[in-house]
Amino acid sequence: MHDLVIRNGTVIDGTGADRFVADVAVRDGKIVEVGRDLGLGTREIDADGMLVTPGFVDIHTHYDGQATWDPHLTNSSWHGVTTAVFGNCGVGFAPVRPGAERYLINLMEGVEDIPEVVLAEGLDFKWESIPDYLDALESTPRLIDIGAQVTHGPLRFYMMGERGADHDEAPSPDEIDQMGTLLEQGLRAGALGFTTSRTRKHRAADGRLTPGLSADEAELTGLAQAMKRAGSGVLEVNSDFGPGEFETMRAAAEIAGRPLSVLLVQVNNDPTLWRQTLDQVNQAVAEGTEAKAQVGCRPIGVLMGLETSLNPFVTHPVWRDDLAAMAPAERAARLAADAALREALLDQSLEDGASLNVQLDMARTFELDDRLDYEPAPESSLTARAAAGNASARALALDAMLAHGGKGLLINTFENYSNGNLDDVHAMLTDPNSVMGVADSGAHVGIICDFSAPTLLLTHWGRDRTRGTKLPLEFLVAKHSRVTAHHYGLYDRGVIAPGLKADINVIDFEALCLRRPEVVYDLPAGGKRLIQRADGYRHTFVAGQEIMRDGEVCDALPGKLVRGAR
């Protein structure tokens with residue numbers, strides 16, 4: 001007798017092979033058979049007309065704090081994700097000396113937009129070393145599997161103190177050796193990789209640039225040698241990739257003898273840099289270096305509304321002095337009822353110069369209406385609509401945010417959308433040396449809502465796209481299951497096949513869709529975050545236990561800490 005049999009489903013097995021109709025039998029947390037006439041199950045599910053896929057493996061999340069207090073790890077678990085890897089971009093919470101917690105919180109707040117009050121309330125810091133942090137993660141029951149990485153910022157700050165965040169300072173040879181020892185210790189304890197940030201976009205909340213930005217060849221070499229000694233881990237880097245930068249990180253990966261994983265997005269100030277970097281990845285692979293580019297499947301979208309952290313009016317005196325401190329419902333009601341208040345808010349003559357820093361380009365800003373169009377045409381931007389209707393783009397923005405009872409949203413296509421379409425993202429997705437990986441689940445809680453990428457990957461690229469080429473579902477499923485899992489050495493999951501972990505989604509593909517993003521206040525200390533749920537995930541299983549049914553959390557908490565898979 002099997003524990004579970006999923007019958008008559010259309011299996012997309014994660015390998016990229018053609019779909020087929022079959023039953024899937026599960027016993028003791030693993031898939032034991034795929035085929036027909038498999039015998040009875042203690043529980044049986046009729047999946048006729050449904051897709052049966054592996055659970056999705058999201059290798060780029062920032063649940064470093066949330067994983068210590070939230071057993072459900074939403075938003076990821078709402079979108080078919082069954083394994084989440086965090087500790088990306090060189091920011092995290094271990095190792096940490098007593099008294100240094102505030103800096104690590106400040107760094108995470110600035111780089112990943114997770115408020116200090118949330119982290120200070122949510123984190124208990126009952127650890128100092130990386131192994132102790134992993135043990136703390138392992139002790140917490142949860143829905144989905146997680147994996148953690150060693151992060152450069154905390155490592156540097158642990159060894160160097162305040163000097164570690166000062167870019168006029170460099171670690172001594174002894175400090176490099178000690179950092180390497182701690183990195184090796186973390187990898188041997190089960191961390192899945194080492195990550196660093198070398199981009200000027202990343203700053204702590206106090207304005208200081210991220211610690212890894214100025215790490216020199218000696219420091220990177222010492223850390224790479226530690227990875228080589230451990231014989232495990234992926235080297236992940238978020239960088240601006242200026243001249244020589246890819247070669248620097250490639251050299252470190254080659255010294256380590258470990259895979260290199262680089263974040264890749266299109267930036268508006270250099271719209272073809274992504275292509276140059278991806279060509280470098282492909283050349284490195286052709287020459288024998290194991291490397292992948294982590295890519296997304298939609299614009300990096302800054303969401304703006306009356307409750308989000310950013311909107312076109314946040315530095316306007318009327319907003320700052322009269323509206324910012326109001327409760328959300330009161331603010332929306334006042335703006336809806338008071339025409340004079342709205343006119344004052346639209347009066348740009350009252351603004352100071354600082355407001356220009358948040359006047360995001362209205363030509364790249366769109367109303368996120370009920371269609372939830374993540375590939376909007378340029379002619380539907382606020383600037384284009386204003387010109388066509390002889391109106392003000394700011395007035396259109398305010399009207400859009402006042403929609404839905406004051407919960408309307410704008411999306412500013414901040415990155416991955418320089419040409420007003422997703423053709424370049426199509427090229428990134430279809431490159432053989434790319435892997436899904438920039439959704440940032442758990443981060444940017446008040447401005448970005450890209451963690452729903454697994455769902456959009458299937459719906460937009462596999463079914464709904466009208467402004468360009470679609471992609472086969474078989475390819476898309478593999479891209480977010482087997483490809484991501486194998487990149488991190490997780491060979492026990494990501495494919496529907498006998499002997500592998502029974503992490504499975506049963507999806508009503510015709511009904512699969514995203515719901516509107518919304519702001520909720522469920523973080524520690526009443527902190528806010530953007531969430532976005534989905535319809536169409538009928539069942540999600542981790543190790544054969546159901547964790548989600550029709551979008552609602554089930555009682556089982558089978559998720560584990562994944563250690564040392566590579």
Side-chain angles (χ1 to χ4, degrees), residues 12-19 51 53-54 56-61 79-81 85 88 236 238 241 259-267 271-285 291-301 372-376 413-441 448 450-488 494-495 507 509 512 514:
I12 299 181
D13 67 6
T15 66
D18 290 345
R19 67 194 75 181
L51 302 182
T53 76
F56 303 128
V57 178
D58 190 343
I59 62 172
H60 196 99
T61 78
H79 296 278
V81 172
V85 178
N88 288 287
E236 185 260 6
N238 188 341
F241 286 110
L260 177 63
S261 193
V262 301
L263 263 71
L264 189 71
V265 295
Q266 182 182 58
V267 293
T272 63
L273 179 61
W274 71 269
R275 182 70 265 176
Q276 299 168 36
T277 305
L278 188 54
D279 287 345
Q280 290 175 309
V281 170
N282 286 321
Q283 180 179 352
V285 171
K292 292 285 187 185
Q294 293 188 26
V295 304
C297 64
R298 69 193 202 187
I300 308 299
L372 297 183
D373 185 359
Y374 287 94
E375 192 173 8
T413 52
F414 176 66
E415 292 176 329
N416 272 359
Y417 214 64
S418 297
N419 299 319
N421 58 51
L422 290 175
D423 290 348
D424 287 341
V425 173
H426 179 280
M428 295 182 203
L429 278 173
T430 54
D431 191 277
N433 292 313
S434 73
V435 59
M436 286 294 297
V438 296
D440 267 355
S441 302
I448 294 177
D450 286 348
F451 40 72
S452 56
T455 302
L456 186 119
L457 181 71
L458 299 186
T459 56
H460 183 77
W461 291 98
R463 187 188 66 200
D464 299 336
R465 192 177 190 221
T466 60
R467 299 187 61 220
T469 306
K470 298 184 182 72
L471 293 167
L473 280 177
E474 291 86 347
F475 170 84
L476 298 170
V477 168
K479 200 77 175 180
H480 218 333
S481 55
R482 179 183 59 83
V483 175
T484 45
H486 287 192
H487 183 43
Y488 267 78
V495 175
I507 303 171
F509 186 59
L512 187 65
L514 294 171

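Since we're looking at a predicted model, the values are computed, not measured.
Interatomic distance, CG of Asp18 versus CG of Asp13, reported as 9.5 Å (0.5 Å rounding). If you take CD on Gln280 and CG on Leu260, they are separated by 10.5 Å, rounding to the nearest 0.5 Å. Between the CG atom of Asp431 and the CG atom of Leu278 there is a distance of 4.0 Å, given to the nearest 0.5 Å. Going from atom CG of Leu458 over to atom CD1 of Ile507 covers 5.5 Å, rounded to the nearest 0.5 Å. Considering CD of Glu474 and OG1 of Thr53, their distance stands at 11.5 Å, rounded to 0.5 Å. Atom CG of residue Asn238 and atom CG of residue Asn88 lie 9.0 Å apart, to the nearest 0.5 angstrom.
No donor-acceptor pair closer than 3.5 Å links the side chain of Tyr374 to the backbone N or O of Cys297. Remark: the backbone N or O of Val425 is not paired with any side-chain donor or acceptor of Gln266 at under 3.5 angstrom. Between the side chain of Lys292 and the backbone N or O of His487 there is no donor-acceptor pair closer than 3.5 Å. One N or O on the side chain of Lys479 and one on the backbone of Ser434 form a donor-acceptor pair closer than 3.5 Å. Here the side chain of Thr61 pairs no donor or acceptor atom with the backbone of Asp440 at under 3.5 angstrom. Distance alone, capped at 3.5 Å, is enough to place a donor-acceptor pair between the His480 side chain and the Val57 backbone. At distances below 3.5 Å, not a single donor-acceptor pair connects side-chain atoms of Asn419 with backbone N or O atoms of Asn421.
Residues Ile300 and Ile448 form a side-chain contact, since some pair of their non-hydrogen atoms from C-beta on lies under 4.5 Å apart. By the 4.5 Å heavy-atom criterion applied to side chains, Leu473 and Phe509 are counted as neighbours. With contacts defined as side-chain heavy-atom distances shorter than 4.5 Å, the pair Leu456/Leu372 does not qualify.
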Would Glu236 and Leu263 count as a side-chain contact (heavy atoms from CB on, under 4.5 Å) if you check the C-alpha gap in whole Å, the side-chain angles of each, and the deciding distance to 0.1 Å? CA-CA 8 Å; Glu236 185 260 6; Leu263 263 71; 3.0 Å; yes

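Of all heavy-atom pairs spanning Gly494 and Pro54, the tightest one is O-CG, 3.4 Å. Summarising the geometry of Gly14 relative to Ala478, their closest heavy-atom pair is O-CB, 3.1 Å, with the distance given to 0.1 Å. Summarising the geometry of Pro299 relative to Leu422, their closest heavy-atom pair is CD-CD2, 3.7 Å, with the distance given to 0.1 Å.
In the model, Ser452 has no side-chain atom that pairs as donor or acceptor with a side-chain atom of His79 under 3.5 Å. No hydrogens or angles considered: a donor-acceptor pair under 3.5 Å links the side chains of Asp58 and Ser441.
Gln276 meets the side chain to side chain contact (heavy atoms under 4.5 Å, CB included) test with Thr272, Leu273; sequence neighbours excluded. With sequence neighbours excluded, the residues forming a salt bridge (Lys or Arg N to Asp or Glu O under 4.0 Å) with Arg465 are Glu375, Asp423, listed by chain and number. Remark: Trp461 engages His426 in a ring pair (Phe, Tyr, Trp, His ring centres under 6.0 Å) (not counting sequence neighbours).
Exactly one of Leu457, Val483, Ile59 qualifies for a side-chain contact (heavy atoms from CB on, under 4.5 Å) with Met436. That residue is Leu457.
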